[in-house]
Amino acid sequence: MRDYLLTLCVTAAVTYLLTGPVRKFAIATGAMPEIRARDVHREPTPRLGGIAMFFGLCAGLLVADHLQNLNSVFEQSNEPRALLSGAVLIWIIGVLDDKFEIDALIKLGGQMIAAGVMVMQGLTILWIPVPGVGTVSLTSWQGTLLTVALVVVTINAVNFVDGLDGLAAGMVCIAAAAFFLYSYRIWFGYMIEAAAPATLFTAILMGMCLGFLPHNMHPARIFMGDSGSMLIGLVLAAAAISVTGQVDPDALKIFEGSTRQATHAALPVFIPLLLPLTIIAIPVADLVLAIVRRTWSGKSPFAADRGHLHHRLLEIGHSHSRAVLIMYFWSALIAFGVVAYSVHSASMWIVLLIVALSAVGLVLLLLPRFTPRAPRWAEAFVPPRYRRSKIQPETVPTLSCEPEASEEEPEERTPVPAGVNGATAIGPRSRFPDRRKAGTRG
């Protein structure tokens with residue numbers, strides 16, 4: 001565990017330290033697209049955050065290769081090299097898209113090529129456990145098609161959910177943490193070396209997301225762009241493929257004893273069929289709903305709109321931060337709930353706890369419909385929206401050197417467009433221009 005924590009910290013540190021220079025590079029190269037109708041932010045924000053995340057991935061793999069307890073992953077398996085090869089391709093495609101806005105079909109083809117490269121180097125699904133049947137071996141073509149499909153779905157699901165500041169990085173970090181606990185238990189609990197690559201991938205993925213989040217939380221100073229969202233989606237898919245298709249269920253010796261005992265013991269093996277889907281349940285649901293919605297209205301499935309789940313949370317009255325936290329809550333509830341149930345499947349307390357937390361989540365979703373009111377003695381300590389009456393602060397006369405604006409002609413302030421020397425390039429984010437004219441002081 002100490003080596004995994006060291007790898008995670010190095011990955012997070014490299015990603016965090018490189019994000020600032022990458023932001024300046026994105027501004028200098030003009031990787032700041034104009035605000036679109038579906039965007040939530042109000043100021044042009046640089047992209048290309050995936051550059052820092054990619055170098056964080058490389059740093060994590062390099063450090064793990066030189067650690068004594070993790071070096072065996074590189075010696076006994078070719079999966080880390082396969083992941084790096086696919087990551088390079090998907091990262092290049094993402095960088096080009098962040099800069100030049102390439103076609104969606106070209107990106108889809110690039111995702112399939114990246115998945116095919118990983119398959120050629122051994123990162124593929126060899127068998128799947130089927131309840132009631134046992135382990136089913138897959139042919140080469142079946143494994144390839146299933147692997148490519150899982151990679152493409154995961155990448156696009158993460159890409160679709162990347163619509164609010166800090167949303168995609170936080171949700172993937174939560175998913176990676178749940179997946180890390182599961183694969184770590186398979187490795188050290190059952191002493192199965194085939195689960196080691198997935199454990200390493202998820203630790204590095206957590207570091208990539210944690211290092212980028214401080215720059216990406218609301219208000220975001222930089223976006224990860226497609227170069228980042230497709231990259232973390234690929235790493236998450238690689239971890240799911242590794243632990244699902246490489247771990248032999250027969251090594252766990254689960255098909256012993258009575259039928260009831262075998263069923264409970266088989267849950268850690270059957271969970272990989274569900275865990276990748278439950279971890280990205282919200283992004284996948286958003287992806288499916290978007291495809292159905294756009295197809296039903298006669299549009300292309302790749303046409304962008306403002307009908308995503310995070311957009312709907314904003315429409316019903318949630319603030320930006322609250323919408324992100326609600327998405328975090330549901331992601332953690334589904335991911336960690338499935339992992340907990342796989343460990344203690346016979347305990348009803350886990351099911352009751354999941355049901356109770358789901359009820360709490362539903363209440364959080366309905367909060368904008370019912371605005372609570374604080375008691376009068378606590379009104380001074382809560383935001384104005386929760387007060388029964390407005391508290392008027394004492395007015396203190398102040399001296400101003402500027403002429404007062406007339407009531408008939410109110411002063412109109414316009415946002416400042418971002419640029420190399422704009423307000424969003426360096427320094428604080430001021431949305432309004434300085435009233436002083438150029439060349440004056442004071």
Side-chain angles (χ1 to χ4, degrees), residues 15-56 91 93-102 104 107 158-173 208-233 283 304-306 308-311 313-315 318-325 327-328 413-434:
T15 304
Y16 176 80
L17 294 176
L18 288 180
T19 302
V22 167
R23 178 177 180 271
K24 296 180 180 179
F25 171 76
I27 295 174
T29 57
M32 300 176 62
E34 298 180 356
I35 298 178
R36 299 160 295 186
R38 68 178 186 273
D39 290 335
V40 178
H41 59 283
R42 293 293 177 263
E43 293 180 356
T45 306
R47 294 184 180 179
L48 295 179
I51 296 179
M53 303 179 81
F54 174 75
F55 284 105
W91 174 70
I93 295 173
V95 170
L96 293 176
D97 181 67
D98 290 341
K99 174 60 180 175
F100 302 107
E101 296 282 346
I102 63 178
K107 289 193 295 183
V158 174
N159 194 16
F160 269 52
V161 83
D162 185 23
L164 296 179
D165 297 348
L167 182 57
M171 291 183 66
V172 173
C173 184
M208 295 166 60
C209 296
L210 290 175
F212 185 72
L213 267 176
H215 299 273
N216 191 232
M217 294 301 293
H218 184 72
R221 294 178 59 83
I222 186 174
F223 294 151
M224 68 172 66
D226 283 2
S227 59
S229 61
M230 292 198 300
L231 177 63
I232 60 177
D305 57 14
R306 289 182 58 90
H308 294 289
L309 296 178
H310 49 270
H311 290 141
L313 288 175
L314 296 177
E315 289 176 358
H318 288 289
S319 64
H320 189 291
S321 300
R322 184 189 291 177
V324 172
L325 292 177
M327 298 285 279
Y328 285 177
R413 297 188 293 177
T414 57
V416 178
V420 177
N421 299 318
T424 59
I426 53 177
R429 289 170 157 259
S430 174
R431 294 185 56 189
F432 300 103
D434 195 340

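All values below come from the heavy atoms of this structure, side chains included, with hydrogens, waters and symmetry mates left out.
Counting only distance, with no hydrogens or angles, the side chain of Asp226 and the backbone of Asp98 share no donor-acceptor pair below 3.5 Å.
How far CE of Met224 is from CG of Leu213: 7.5 Å, rounded to the nearest 0.5 Å. Here the CD1 atom belonging to Ile232 is positioned 4.5 Å from the SG atom belonging to Cys209, to the nearest 0.5 angstrom. Rounded to the nearest 0.5 angstrom, Arg47 CZ and Ser229 OG are separated by 9.5 Å. For the atom pair Met53 CE and Ser227 OG, the distance stands at 8.5 Å (nearest 0.5 Å). Separating the CG atom in Asn159 from the NZ atom in Lys107 is a distance of 5.5 Å, to the nearest 0.5 Å.
With sequence neighbours left out, the side chain to side chain contact (heavy atoms under 4.5 Å, CB included) criterion links Ile51 to Val22, Phe25, Leu48, Phe55, Trp91, Val95. Remark: Asn216 pairs with Phe212, Ala220, Phe223 by the side chain to side chain contact (heavy atoms under 4.5 Å, CB included) rule, at least two apart or across chains. Scored by the ring-ring contact (aromatic ring centres under 6.0 Å, His included) test, Tyr16 finds His215 as partners (sequence neighbours excluded).
Between Pro219 and Asp165 the shortest heavy-atom distance is CA-OD2, 3.7 Å. The minimum heavy-atom distance between Tyr328 and Met217, with the atom names listed, is OH-SD, 4.1 Å.
Between Leu231 and Met208 there is a side-chain heavy-atom pair separated by less than 4.5 Å.
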